[in-house]
Amino acid sequence: MIRFLLLWLAFATPLCAEVLTRDALSALILAPYELGAPVNDKGVWTLLNSGGGEAGFVFETEPLAPLPGFSGAPIDLLVLLDREGRFIDVRLLRQNEPIFVSGLGEAPFRAFLEQYRGHAISEPLVVGTPYGGGGTASDNVYLDGVTKATASVRIAHDSILAATLAVARDKMQGVGAGPAPRPDPAHDEALSWKDLLDQGLVGRLRVSGAQLDAAFAGTKWAQDGAGIDPEAPFIDLYVIDLGPPALARAVLAPETLSEIARFTARAPDDELVLLIEAGQHGLVSADFVRNTAPDRLTATQDGLPLVLRDADILPELAADLPPELSEATKMVVRLDRRLGFDPTRPWELRLQAVREHGMFQAEVGSAHFPLVLQTPERFFLRPAAPDRISPVQQALRNRAADLWALGGFLGLLMAALLAQSRLAGLRAFTPVRLGILCVVIGFVGFWGQGQLSIVTVMAVARGLVSGGLEVLLYDPFGLAIWGAAGIGFLLWGRGFFCGWLCPFGAMQEFAHHAGRLLRLPRIEPPASLARVLLWTGPVAAVALVAVAFLAPQHAEAAAEIEPFKTAITMHFDRPWPYLIWAMGWIAVSMVWFKGFCRSLCPLGAVMRLGGLLRLRAFIPRRADCGKPCQLCRVRCAYGAIKRTGEIRYSECFQCLDCVAIHDDKSRCVPLVLAAKRKARA
């Protein structure tokens, strides 16, 4: 009945928020941009520049890529993308990630999103650090993640990429997702100027004075071309790709080749192109400033603009080129291959011719003359597109060392507990146990962030309904702890995790020992009250799962009933109300042994259910246990032994104290009595 109610609540609760209205979205668009018309009903809009022209697209990620976060709800982000596939801005709209809601706050999350500005969707963007500590040989662009929130930022990153690629494929044809080809430095081909012309390796644009007049015919600028010879070339433009070394050697003097080599070493992703204009037009206006975008030249590929900039190189031509070219106007421009430019595919260079009409406040008119260019594939190397590894593989790579160490620790711990009689019989058992708990607090908790939480159970509960269980794969370290806890359920019940692997439980045990050293009184509630307190955890667990379905916006705040985030995840670096709650329970444990674990812990209630999978009774018992011997029951700090001597495994934390007594001939009452009877006999 309860399960049916929870499922009904889940279906009755909307899993995705509605897209923003036009008014709400307009308020988020800052100058010089403004919101245009809607593209579809999934939250995609056009983005306009200050002149009203289309500058790109605006969209929300949640409708396009509703990847569930740890709260079970997607992270909704606003993406502004220009027409070249570059991120103008990425902003946070809504999120319910526990670590950002009441842990770190949203400031580091917003700082993470700022890293997308200026990057293109064509770049393989990866959250994390270069694999193997390098990165110079990688085509990946690494974005710094957020410490203690790795899984959440990965979910946000995948949401951004998934939504952006959906828009790019649908609305921005030609935006490539793989690496651009690079010039082959080993390709050696002897080429003369004649060879370049015959093989079409030189692009040439010729516009005569008559053709220029025809371009302005019928306009007010038709008569403003006085002095131009209609038969002479007004534009005589030669274009040569300098990226391939063989082409550069064919047209440049040795000094310029050396300068090109130095430039390429500094900017290996720039494709340099030589422009030679031997006509009357020239290449730029008199107001042109070097190392900026040429004001009379534009370039496009696949209908999208290319960023064209002057390379600030004054080229000298090879001695065997026609003499008239040496006197022509020359310029070296650069295009960035990282922004999707591919010189092996057709691209268009457009030269603008300008005329002015009138003496005062002259009106300017222009005509454009295109030249289609393409460099043969043989001069380039086309690297294979880097495989986009899955979030699971990426997370496994980033935490490989931690996972190996965790695997070794868990293997040794399980082996020791399988030989529990030998372990419990050690004279130094208590120091050994405390040493293991130190590793749990330091490595599993503080370093590995492997503190399991009811938040994960809430996310799984929603994921079973909404199909979002992949959220667990973003944290392989925590998933490994869950896997170990599952194995522990079969072998030992809840005790393996609650007694040996829970960092906050380990903290409480150390608090208990501190209380004994300080000679504080030890308080145990009456048996009747203790039985009632055992139900507070299950009630809390059911309430939290219900909140996750009924009011997910409050789920993170409700989950603060667990002090784990404050004590382990945030290292006690939180506002004072959270500190009082976490440190208060640790203080309580100094007088009431593991008080939180034995009463209010909702995760402990889930572990009690998991303990029902236990396949064996691993704690040895004798016929005399409880009849009449009560020593183990009296010494059990958890109250997990009945008067009859039976073990309540749902309450057993596997401390092994009773195992040590059971096997000790000097402490086990039945063994002591048997020894006395034997001595008398």
Colleague: Check whether any side-chain heavy atom of Leu314 sits under 4.5 Å from a side-chain heavy atom of Arg290, and report yes or no.
Modeller: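 Yes, side chains in contact.
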
Colleague: Could you walk me through whether Asp23 and Ser26 pass the side chain to side chain donor-acceptor pair (under 3.5 Å) test, one step at a time?
Modeller: CA-CA 5 Å; Asp23 291 340; Ser26 295; 5.4 Å; no

Colleague: Are Arg355 and Leu212 packed together at the side-chain level, in the sense that at least one heavy-atom pair is separated by less than 4.5 angstrom?
Modeller: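 Yes, at least one pair of side-chain atoms sits under 4.5 Å.
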
Colleague: Kindly indicate, with the supporting measurements, whether the criterion side chain to side chain contact (heavy atoms under 4.5 Å, CB included) is fulfilled by Leu80 and Ile29.
Modeller: CA-CA 9 Å; Leu80 279 69; Ile29 309 300; 4.3 Å; yes

Colleague: Does Gln115 use its side chain to pair, donor to acceptor, with the backbone of Asp144 at less than 3.5 Å?
Modeller: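 A pair under 3.5 Å: yes.
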
Colleague: Please check this pair: side chain of Thr61 against backbone of Ile160, looking for a donor-acceptor N/O pair closer than 3.5 Å.
Modeller: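 It does not hold such a pair.
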
Colleague: Looking at every non-hydrogen atom in both residues, tell me the closest pair between Trp45 and Gly36 and how far apart they are.
Modeller: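 So the minimum-distance heavy-atom pair works out to CE3-O, 3.5 Å.
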
Colleague: Roughly how far, to the nearest 0.5 Å, is CG of Leu349 from CG of Leu205?
Modeller: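 One finds 8.0 Å between CG of Leu205 and CG of Leu349.
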
Colleague: Would you call Arg249 and Asp188 a salt bridge, taking side-chain N to carboxylate O under 4.0 Å as the test?
Modeller: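 Looking at Asp188 together with Arg249, the answer is yes, because their closest N to O distance falls below 4.0 Å.
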
Colleague: Under a 3.5 Å distance rule, please check whether Glu60 uses its side chain to pair with a backbone N or O of Val44 as donor and acceptor.
Modeller: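 Side chain of Glu60 to backbone of Val44: no pair is present.
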
Colleague: Out of the candidates Val333, Thr329, Leu351, only one should pair with Leu275 under the side-chain contact (heavy atoms from CB on, under 4.5 Å) rule; please name it.
Modeller: Val333

Colleague: To the closest 0.5 Å, what do you measure between CD1 (Ile235) and CD (Gln211)?
Modeller: 9.0 Å

Colleague: Should Glu271 and Phe380 count as side-chain neighbours, where that means a heavy-atom distance under 4.5 Å?
Modeller: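 Yes, side chains in contact.
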
Colleague: Any donor and acceptor pair, going by atom type alone, linking the side chain of Arg399 with main-chain N or O of Trp404 inside 3.5 Å?
Modeller: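 Checked: no pair found.
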
Colleague: Is the shortest side-chain heavy-atom distance between Arg117 and Val90 below 4.5 Å?
Modeller: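 They are not in side-chain contact.
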
Colleague: Are more than 12 heavy atoms, taken from residues, nucleotides or ligands other than Gln280, located less than 6.0 Å from that residue's CD atom?
Modeller: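 It does: Gln280 CD has more than 12 such atoms within range.
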
Colleague: Side chain of Asp213, backbone of Ala210: donor and acceptor closer than 3.5 Å?
Modeller: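 No; judged by distance alone, with no hydrogens or angles, the pair does not exist.
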
Colleague: Measure the CG-NE2 distance between Leu113 and His157 for me, rounded to the nearest 0.5 Å.
Modeller: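 It is 11.5 Å, given to the nearest 0.5 Å.
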
Colleague: Roughly how far, to the nearest 0.5 Å, is the CD atom of Glu189 from the CZ atom of Phe379?
Modeller: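 Interatomic distance, Phe379 CZ to Glu189 CD, rounded to 0.5 Å: 4.0 Å.
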
Colleague: If the threshold is 4.0 Å, N to carboxylate O, is there a salt bridge linking Arg334 and Asp269?
Modeller: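 Judged by the 4.0 Å cut-off on N to carboxylate O distance, Arg334 and Asp269 do not form a salt bridge.
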
Colleague: Are Val58 and Leu28 packed together at the side-chain level, in the sense that at least one heavy-atom pair is separated by less than 4.5 angstrom?
Modeller: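 Side-chain contact under 4.5 Å: no.
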
Colleague: CG of Leu81 to CZ of Phe57: how many Å apart, nearest 0.5 Å?
Modeller: 8.0 Å

Colleague: Do you know the tightest heavy-atom contact between Pro294 and Met331?
Modeller: CG-SD, 4.2 Å

Colleague: Consider only side-chain N and O atoms of Thr344 and Arg382, and report whether a donor and an acceptor are under 3.5 Å apart.
Modeller: yes

Colleague: Might you point out which heavy atoms bring Val202 and Leu197 nearest each other, and give the distance in Å?
Modeller: CB-CD2, 4.0 Å

Colleague: Which pair of heavy atoms, one from Leu321 and one from Ala250, lies closest together, and at what distance?
Modeller: CD1-O, 3.6 Å

Colleague: Please lay out, stage by stage, how Asp236 and Arg204 fare under the test side chain to side chain contact (heavy atoms under 4.5 Å, CB included).
Modeller: CA-CA 7 Å; Asp236 192 4; Arg204 190 173 186 185; 3.0 Å; yes

Colleague: Are Ile276 and Leu317 close enough that some pair of their side-chain heavy atoms sits under 4.5 Å apart?
Modeller: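 Yes, close enough: below the 4.5 Å cut-off.
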
Colleague: Under the side chain to side chain contact (heavy atoms under 4.5 Å, CB included) criterion, do Lys330 and Thr256 qualify, and how do the steps go?
Modeller: CA-CA 12 Å; Lys330 298 178 287 293; Thr256 305; over 6 Å; no

Colleague: What about His119 and Phe87, are their ring centers closer than 6.0 Å?
Modeller: no

Colleague: If you measure from CZ on Arg206 to CG on Leu237, what distance do you get to the nearest 0.5 Å?
Modeller: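 Nearest 0.5 Å value for the CZ-CG distance: 11.5 Å.
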
Colleague: I'd like to know whether Leu104 forms a side chain to side chain contact (heavy atoms under 4.5 Å, CB included) with Phe109, so could you lay out the CA-CA distance, the side-chain angles of the two residues, the decisive distance to 0.1 Å, and finally the verdict.
Modeller: CA-CA 9 Å; Leu104 297 172; Phe109 195 8; over 6 Å; no

Colleague: Within the structure provided, determine whether Ile75 and Leu77 are in side-chain contact (heavy-atom separation under 4.5 Å).
Modeller: yes

Colleague: For the CD atom on Glu114, are there more than 12 heavy atoms of other groups (residues, nucleotides or ligands in this structure) within a distance under 6.0 Å?
Modeller: yes

Colleague: Closest heavy-atom contact between Trp221 and Glu363?
Modeller: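 The answer is NE1-O, 3.0 Å.
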
Colleague: Ignoring hydrogens and geometry, is there a side-chain-to-backbone donor-acceptor pair from Asp76 to Glu62 under 3.5 Å?
Modeller: yes

Colleague: Would you mind reporting whether Phe369 and Phe234 have side-chain heavy atoms less than 4.5 Å apart?
Modeller: no

Colleague: For a quick test of reading the model, state the closest non-hydrogen atom pair linking Pro244 to Thr375 and the distance between them.
Modeller: CG-CG2, 4.3 Å

Colleague: Can you check whether Leu201's main-chain N or O pairs, donor with acceptor, with Gln199's side chain at less than 3.5 Å?
Modeller: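 Between the backbone of Leu201 and the side chain of Gln199 there is no qualifying donor-acceptor contact (under 3.5 Å).
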
Colleague: Donor-acceptor pair, distance only, cut-off 3.5 Å: does the side chain of Gln352 make one with the backbone of Arg296?
Modeller: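 Checking the backbone N and O of Arg296 against the side chain of Gln352, no donor-acceptor pair under 3.5 Å is found.
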
